[in-house]
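Written out below as C-alpha cells is the structure these notes cover.
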Protein chains: 2
Amino acid sequence: MTSPLTFPITVDIVALTVIDHALHCLVVRRGIDPYRGRLALPGGFVREDEQTHQAAARELTEETGIAPPGHLEQLRSYGPLGRDPRGPILSVAYLLLAPSFSPARAGGDASGALWHPVDALLTPSSPLAFDHAAILADGVERARSKIEYSPLATSFCGPEFTITQLRTTYEAIWGSPLDPRNFHRKATKTASFIEATGETIREGAGRPAALYRLAPGVDETAFVLDPPLRRPASPAPASQEKGAPPPSAQQ
Amino acid sequence: MTSPLTFPITVDIVALTVIDHALHCLVVRRGIDPYRGRLALPGGFVREDEQTHQAAARELTEETGIAPPGHLEQLRSYGPLGRDPRGPILSVAYLLLAPSFSPARAGGDASGALWHPVDALLTPSSPLAFDHAAILADGVERARSKIEYSPLATSFCGPEFTITQLRTTYEAIWGSPLDPRNFHRKATKTASFIEATGETIREGAGRPAALYRLAPGVDETAFVLDPPLRRPASPAPASQEKGAPPPSAQQ
DNA sequence: TCAAAAGTGTTGGGGCTACACCCATGG
DNA sequence: CCATGGGTGTAGCCCCAACACTTTTGA
C-alpha cells in the first residue's frame with residue numbers, strides 16, 4: 001500500500017453562554033488571511049501529540065483567555081473539501097456551555113474575543129467565516145437537545161442559582177417562554193437534577209427565591225432526566241440532524 | 001504561521017442489520033498489518049478530492065461489495081492519538097442501517113466480509129482491531145436512540161413489511177421485548193410513519209398480516225415521530241453520550 | 001375444534017398544560 | 001395596602017402499560 005494522503009486538521013469551538021436572556025457565542029475577529037477581519041469561531045490546527053479535544057481546550061485558552069470551565073463535547077467533523085480556500089482541511093467541532101460570568105473579551109492570538117448574539121450570527125448573510133455558521137447552527141441545536149435530558153443547563157448558572165434563573169436559561173436556549181409555575185414543579189420534583197441549599201436570596205421586589213445547586217454525584221453531561229424536560233414544539237421545525245440524541249442527529 | 005502538521009484520515013463504517021432477531025455488524029478480516037487476521041470495521045484512508053462520507057461509501061463498496069443502500073450518518077471522529085500503532089491517525093466513523101437481505105459475504109480488498117453478531121463483538125475481550133469496539137458501541141447506541149424518533153427502523157425491513165416484522169426489528173435493536181398489541185397500535189396510529197398497502201401476507205399459521213410501507217414523502221432519517229416510540233428502560237443503563245440526538249443525540 | 005398469530009377495546013396511572021390560588025417581601 | 005415575584009393545588013387531557021377479548025387463518 002502506498003503512503004496515505006495526509007490533511008491538516010483543525011478544531012473549532014462553539015462556546016455558548018446566556019447574556020441578558022439571549023444566547024451568545026464566543027467569536028474572534030480573524031487577524032490573518034483568509035477571511036482577515038471577519039468573525040470566526042475560536043479554533044486552530046491540531047498539533048502533534050494531542051487529541052482533538054486537547055487541541056480545542058488549548059486553542060480556546062490561547063485565543064480567548066478562557067479555560068474550559070466545563071465539558072467539551074464533540075459535535076462532529078466537517079470537510080475536508082470545500083470549506084477553506086487554502087485547500088482540503090478537516091475540522092472537528094466541539095461544544096462548550098459556559099457560565100455567563102466567564103471572562104469575556106479576553107485577548108489572545110486573535111484580535112480580541114467577544115460574546116456575540118447567536119441570532120445575528122445565524123442570518124442568511126452571516127458574518128462568520130468559513131462554514132462556521134453551519135457549525136454554530138449544529139452546536140445550538142445540540143445544546144437545545146441536550147438540556148432536555150441532562151442537567152447541563154446548570155452549567156450556565158454558576159454553583160448556586162434560583163429556579164427562575166434556571167428557567168430563564170432554558171428560555172434563552174430554547175428561544176421560547178416557559179410557564180414559571182410548571183417549570184418550578186418539574187425542576188424541583190425531577191430526581192437527580194437539583195437540590196435546595198436551604199438558603200434564600202432577595203432579588204428586588206417579591207418573595208425571596210430559594211437557592212439550588214446541582215444534585216450531588218450527578219454528571220452534568222449524563223442523560224439522567226427522566227422524564228426529560230421537553231421543549232415546546234416549534235412553529236416551523238427546521239430540518240434537524242442529531243449528532244447525539246439525545247436526545248438527539250445526522251449529517 | 002508555520003505550515004501546519006498533517007495527519008492521515010480514515011473512515012470506519014458501522015453497518016448494522018438484523019438477522020434472526022439479532023443485531024449484526026458488517027466486519028472484514030484484515031489482510032495486512034497491523035492487526036492482520038483480526039476482525040475490523042470496513043474502512044480506509046480518505047483520498048484527495050473526496051469528502052469523508054464519499055470515502056465511507058467508496059470503502060464500503062470496495063471492501064464488502066455492498067453499495068450503501070441508505071443513508072450514511074456521521075457518528076463522530078476518533079483520535080488522532082493512541083488508536084493505531086502506525087502513528088497518529090484521525091478516523092471519522094459513519095453509521096449505516098441496512099436491510100437484512102443485503103449481499104452479505106461479498107468479497108473485496110479485505111479477506112472477506114461477513115455479518116457478525118454485535119453481542120460477540122462488544123465483549124470485554126472484543127475480537128475487533130484498533131478502537132473499533134468503542135466505535136461500534138457508539139454506533140449501536142446511536143441506532144438505538146435514532147429509531148425512537150425517526151422511521152429509520154423501516155430501513156431494515158425492505159420496501160414492504162408487516163407490523164410484526166417491524167416490531168421484531170425494534171426488539172432486536174433495543175434488545176428487549178415489546179408488547180405486540182401496544183406496538184401495533186402505536187405504529188399504525190403515529191402520523192408520518194407507515195401506511196397500509198392494502199395487501200396481506202400469510203406466514204405459517206395464524207391470521208394473515210397486513211403489509212405496510214414507509215409513509216410517502218417521509219425522509220427515513222428525519223425526526224418526525226411525535227410522540228416518539230420510547231424504548232423500555234434498561235436495567236443497567238450504560239454511560240451514554242449522544243452523538244446525535246434522539247435524543248439524543250451526542251459524542 | 002383448537003392453536004396461533006393479528007388486531008381492537010378498556011382501564012388505571014402518570015405526566016403535562018393551563019390556570020386559580022396562596023406566600024413573602026419591598027415600597 | 002398593594003405590586004411583584006415565589007411557590008402550591010388542581011382539573012382535564014393525553015399517553016401509555018397491561019391485559020381481556022375478538023378475528024382470521026392452518027391443522
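- Taking atom CD of residue A/E148 and atom P of nucleotide C/dC16, one finds them 12 Å apart after rounding to whole Å.
- For the pair A/V224 and A/V218, the tightest heavy-atom approach, listed with the atom from each and the gap, is CG2-CG1, 4.2 Å.
- Here the CD-CG distance, from A/E73 to A/L97, works out to 8.0 Å after rounding to the nearest 0.5 Å.
- Proximity note for A/R167 (side chain, C-beta onward) versus D/dC16, C/dT8, D/dG6: the nearest is D/dG6.
- Residues A/T164 and B/P228 each lie close to DNA chain D; by heavy-atom proximity, the contact nearer the 5' end of the strand is made by A/T164.
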Between the protein and nucleotides 12-14 of chain C, which nitrogen or oxygen pairs are less than 3.5 angstrom apart?
none

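- In this model, the phosphate group of C/dA6 is not approached by any side-chain N or O of B/T162 to a distance below 4.0 Å at OP1 or OP2.
- For A/T197 and A/E160, the side-chain atoms include no donor-acceptor pair closer than 3.5 Å.
- Under 4.0 Å is where a charged nitrogen must lie from a carboxylate oxygen, and between A/E141 and A/R231 at least one such pair does.
- Checking C/dG15, D/dG7, D/dC15 against the side-chain heavy atoms of B/P227 singles out D/dC15 as nearest.
- When each of B/V14, B/L75, B/V27, B/L95 is checked for a side-chain contact (heavy atoms from CB on, under 4.5 Å) with B/L136, only B/V14 meets the rule.
- Expressed to the nearest 0.5 Å, how far CG of B/L152 lies from OG1 of B/T169 amounts to 11.0 Å.
- Nearest heavy atom pair, residue B/L41 against residue B/C25, reads CD2-SG, 3.8 Å.
- Minimum interatomic distance between B/P117 and B/H24 (heavy atoms only, all atoms of both residues): N-CD2, 3.5 Å.
- Within the structure, every side-chain polar atom (N or O) of B/H184 is placed at least 4.0 Å from both OP1 and OP2 of C/dA6.
- Distance A/I163 CD1 to D/dG7 P: 7 Å, rounded to the nearest Å.
- Between the NZ atom of B/K189 and the P atom of D/dA17 there is a distance of 15 Å, rounded to whole Å.
- Between the CG atom of B/L166 and the C1' atom of C/dG7 there is a distance of 15 Å, rounded to whole Å.
- Of the candidates B/D12, B/D138, B/D131, B/Y78 forms a side chain to side chain donor-acceptor pair (under 3.5 Å) with just one, namely B/D138.
- A/K186 has no side-chain polar atom (N or O) that falls below the 4.0 Å cut-off from OP1 or OP2 of C/dG15.
- Residue B/A210 places its side chain closer to C/dG7 than to any other of D/dG7, C/dG7, D/dC15.
- Remark: C1' of D/dC15 and CG of B/L229 are 12 Å apart, rounded to the nearest angstrom.
- Between the CD atom of A/E203 and the C1' atom of D/dG5 there is a distance of 10 Å, rounded to whole Å.
- For B/D226 and C/dC16, the CG to P distance is 14 Å, given to the nearest whole Å.
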Per-nt protein contacts along nucleotides 19-27 of chain C (heavy atom under 4.0 Å; B base, S backbone sugar-phosphate only, - none) come out as BB--BBBS-
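- Atom CG in B/L211 sits about 13 Å away from atom C1' in C/dA6, given to the nearest Å.
- The aromatic ring centres of A/F161 and A/Y212 sit 6.0 Å or more apart.
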